[in-house]
**Q** 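Here it is, the structure, as structure tokens.
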Amino acid sequence: MKHKKHSYGGEFHHKHSLGQNFIEDESLLNQLADLSLVTKEDCVLEIGPGFGALTKPLAQRAKQVVSLEIDPTLFPILNVALEHVDNVRVVQGDVMKTDLHTLAEESFGVECSLRVAANLPYYITTDVLTKLLVTLPEAKSIAVMIQKEVGDKLLSQPGDEGYGPLAILCQYFCEVRRALDVPAACFTPPPKVDSSFMVLERWTEKPFSADDEALLLRLIKGAFAMRRKTLINNLIACFPIDRAQAAAAMDAAGLDAQCRAEALSIGQFCSLCGQIGKTLS
Ligand code: SAM
């Protein structure tokens, strides 16, 4: 737990357990807000405002901002920091327990052009990204600071070490870019690892798409459930189908019977999803 005398008076105890690694460099914060693609047309959902350091440059660029923060001890500081910023609403809550679609709708109405921006708490990166991708389809972009190594994962391709459900979900729903690498020294307190600011822009037209996305999500999760097993064994474990049916679906999707999930491209996952859908119907 680090103690920090912040510019709003008093002392704040950074909570490592909440991923509280804050950014203070104003030029970096402005750069991140620029990279978040936010314009005056956009409403922004920010996760974890901390002291409000990124909230302010986002608010300058956006129509409106809603910032969701779990830590109640930050609220007196946020109230002072954002005192003269009139287009920000700060809400207390846990991003994993909040209905983000409802929060955005209540804050901005139904017609808003929504973007997400955050210096994410790293202990929930995968869960937050998955939740944003799956439950907030109206978000046009998701711009997030995450561990550099996780950024590598998001960009990984079939056969790469980090290739798995997170990379597939991100790339299925969005065009993924690493916008900036940010060294650990830019944070207070500095985390143990370097970071990357990643920008995920939702495809207006997906390069590959599945008719049944709920089934695709189930397939992606199930295919990697037992990493050491072949795809066919994971399919049998995940769906109510026997070996012959799984083999036929794989064959119809043009897949080798012995292949593993980590070798499949997103297009191949979509084809297999179509075949499994037929088998199940
Ligand atoms: N935005 C600030 C900045 O860039 O300096 C703070 C970023 S800090 C990496 C992550 C923030 O997320 C902290 O303020 C932390 O309290 C908050 N946080 C952690 N877990 C959260 C959760 N489950 N839901 C919402 N906010 C959370």
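In listed order, ligands and their atoms are each counted from 1. Note that the structure is predicted; figures quoted are calculated from it, not measured.
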**Q** Give the atoms of ligand 1, by number and element, whose distance to some non-hydrogen atom of V95 is under 4.0 Å.
**A**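 Once the distances to V95 are compared, the set is 22 (C), 23 (N), 24 (N), 25 (C).
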**Q** Thinking salt bridges, do D34 and R61 make one under a 4.0 Å N-O criterion?
**A**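 Salt bridge between D34 and R61, a charged N being under 4.0 Å from a carboxylate O: yes.
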**Q** Using a 4.0 Å cutoff against the non-hydrogen atoms of L68, which atoms of ligand 1 qualify?
**A**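 Listed by number with element: 25 (C), 26 (N).
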**Q** Could you identify the single nearest non-hydrogen protein atom to atom 2 (C) of ligand 1 and state the distance to 0.1 Å?
**A** P49 O, 3.3 Å
**Q** State plainly whether the residues D71 and K15 are in salt-bridge range, i.e. N to O under 4.0 Å.
**A**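 Yes, charged N to carboxylate O under 4.0 Å.
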**Q** Considering G19, P191, S195, which one's heavy-atom position lies nearest to atom 8 (S) of ligand 1?
**A** G19
**Q** Ligand 1 and I23, any nitrogen or oxygen pair closer than 3.5 angstrom?
**A** yes
**Q** Could you tell me if the side chain of V199 sits less than 4.5 Å from the side chain of S36, heavy atoms only?
**A**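 With C-beta onward as the side chain, the pair stays apart.
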**Q** Is the shortest heavy-atom distance from the side chain of R89 to the side chain of S107 under 4.5 Å?
**A** yes
**Q** For ligand 1, indicate whether the residue E46 contacts it via side chain, backbone, both or neither (heavy-atom separation under 4.0 Å).
**A** side chain
**Q** Let's go through R243 and N233 carefully: what are the C-alpha distance in whole Å and the side-chain angles of both, what is the deciding distance for side-chain hydrogen bond (donor to acceptor under 3.5 Å, both in side chains) to 0.1 Å, and is it a yes or a no?
**A** CA-CA 8 Å; R243 183 167 292 274; N233 284 325; 2.5 Å; yes
**Q** Give the residue and atom name of whichever protein heavy atom lies nearest to atom 3 (C) of ligand 1, and the separation in Å to one decimal.
**A** N119 ND2, 3.5 Å
**Q** Would you say CD of Q92 has more than 12 non-hydrogen atoms from neighbouring residues, nucleotides or ligands within 6.0 angstrom?
**A** yes
**Q** Heavy atom under 4.0 Å from ligand 1: found in Y123's side chain, backbone, both, or neither?
**A** side chain
**Q** Using a strict 4.0 Å cut-off to heavy atoms of D94, name the atoms of ligand 1 that fall inside it.
**A** 22 (C), 23 (N), 24 (N)
**Q** Considering only non-hydrogen protein atoms, determine which one is nearest to atom 16 (O) of ligand 1 and report residue, atom name and distance to 0.1 Å.
**A** E69 OE2, 2.6 Å
**Q** Show me which atoms of ligand 1 lie under 4.0 Å from any heavy atom of G93.
**A**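 Once the distances to G93 are compared, the set is 24 (N), 25 (C).
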**Q** Under 4.0 Å from a heavy atom of I124: which atoms of ligand 1 are those, numbered in the order shown and with their elements?
**A** 23 (N)
**Q** For Q20, take its heavy atoms, then give the atoms of ligand 1 lying under 4.0 Å from any of them.
**A** 13 (C), 15 (C), 16 (O)
**Q** If I apply the N/O under 3.5 Å rule, does G50 come out as touching ligand 1?
**A** yes
**Q** For A53, is at least one N or O under 3.5 Å away from an N or O on ligand 1?
**A** no
**Q** Please list, in number order, the atoms of ligand 1 under 4.0 Å from a heavy atom of L120.
**A** 9 (C)
**Q** Please say whether more than 12 non-hydrogen atoms of neighbouring residues, nucleotides or ligands are located less than 6.0 Å from NZ in K131.
**A**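 Yes, because the 6.0 Å sphere around NZ of K131 holds more than 12 heavy atoms from other groups.
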**Q** Could you go through D152 and R178, starting from their C-alpha distance and side-chain angles, then the distance that decides it, and tell me whether this counts as salt bridge (Lys or Arg N to Asp or Glu O under 4.0 Å)?
**A** CA-CA 9 Å; D152 295 341; R178 190 194 312 269; 2.6 Å; yes
**Q** Does N87 use its side chain to pair, donor to acceptor, with the backbone of A59 at less than 3.5 Å?
**A** yes
**Q** I'd like to check Y163 versus K153 (side-chain heavy atoms, cut-off strictly below 4.5 Å). Are they in contact?
**A** no
**Q** Taking E175 first and then R202, would you say they form a salt bridge - that is, a charged N and a carboxylate O separated by under 4.0 Å?
**A** no
**Q** Between E213 and K206, is there a salt bridge with N-O shorter than 4.0 Å?
**A**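 Result for this pair is yes, salt bridge flagged.
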**Q** Quick check on contacts: which atoms of ligand 1 are under 4.0 angstrom from a heavy atom of F22?
**A**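 Those atoms are 5 (O), 6 (C), 8 (S), 13 (C), 14 (O).
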**Q** Nearest protein heavy atom to atom 19 (C) of ligand 1, by residue and atom, and its distance?
**A**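 Result: L18 O, 3.1 Å.
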**Q** Does K148 reach the side chain of V193, with side-chain heavy atoms less than 4.5 Å apart?
**A**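 K148 does not reach V193 side chain to side chain.
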**Q** Looking only at heavy atoms, is any part of N21 under 4.0 Å from ligand 1, and if so is it the side chain, the backbone, or both, or is it neither?
**A**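 Only the backbone of N21 comes within reach of ligand 1.
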**Q** So which bit of A118 gets within less than 4.0 Å of ligand 1, heavy atoms only: side chain, backbone, both or neither?
**A** neither
**Q** In terms of residue, atom name and distance, what is the protein heavy atom nearest to atom 12 (O) of ligand 1?
**A**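 Ranked first by proximity to atom 12 (O) of ligand 1 is G48 CA, 3.2 Å.
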**Q** Quick check, are the ring centers of F208 and F269 under 6.0 angstrom apart?
**A**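 Centroid separation for F208 and F269: 6.0 Å or greater.
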**Q** Heavy atom under 4.0 Å from ligand 1: found in T55's side chain, backbone, both, or neither?
**A** neither
**Q** Which heavy atom of the protein is the closest neighbour of atom 27 (C) of ligand 1, given with residue, atom name and distance?
**A** I70 CG2, 3.4 Å
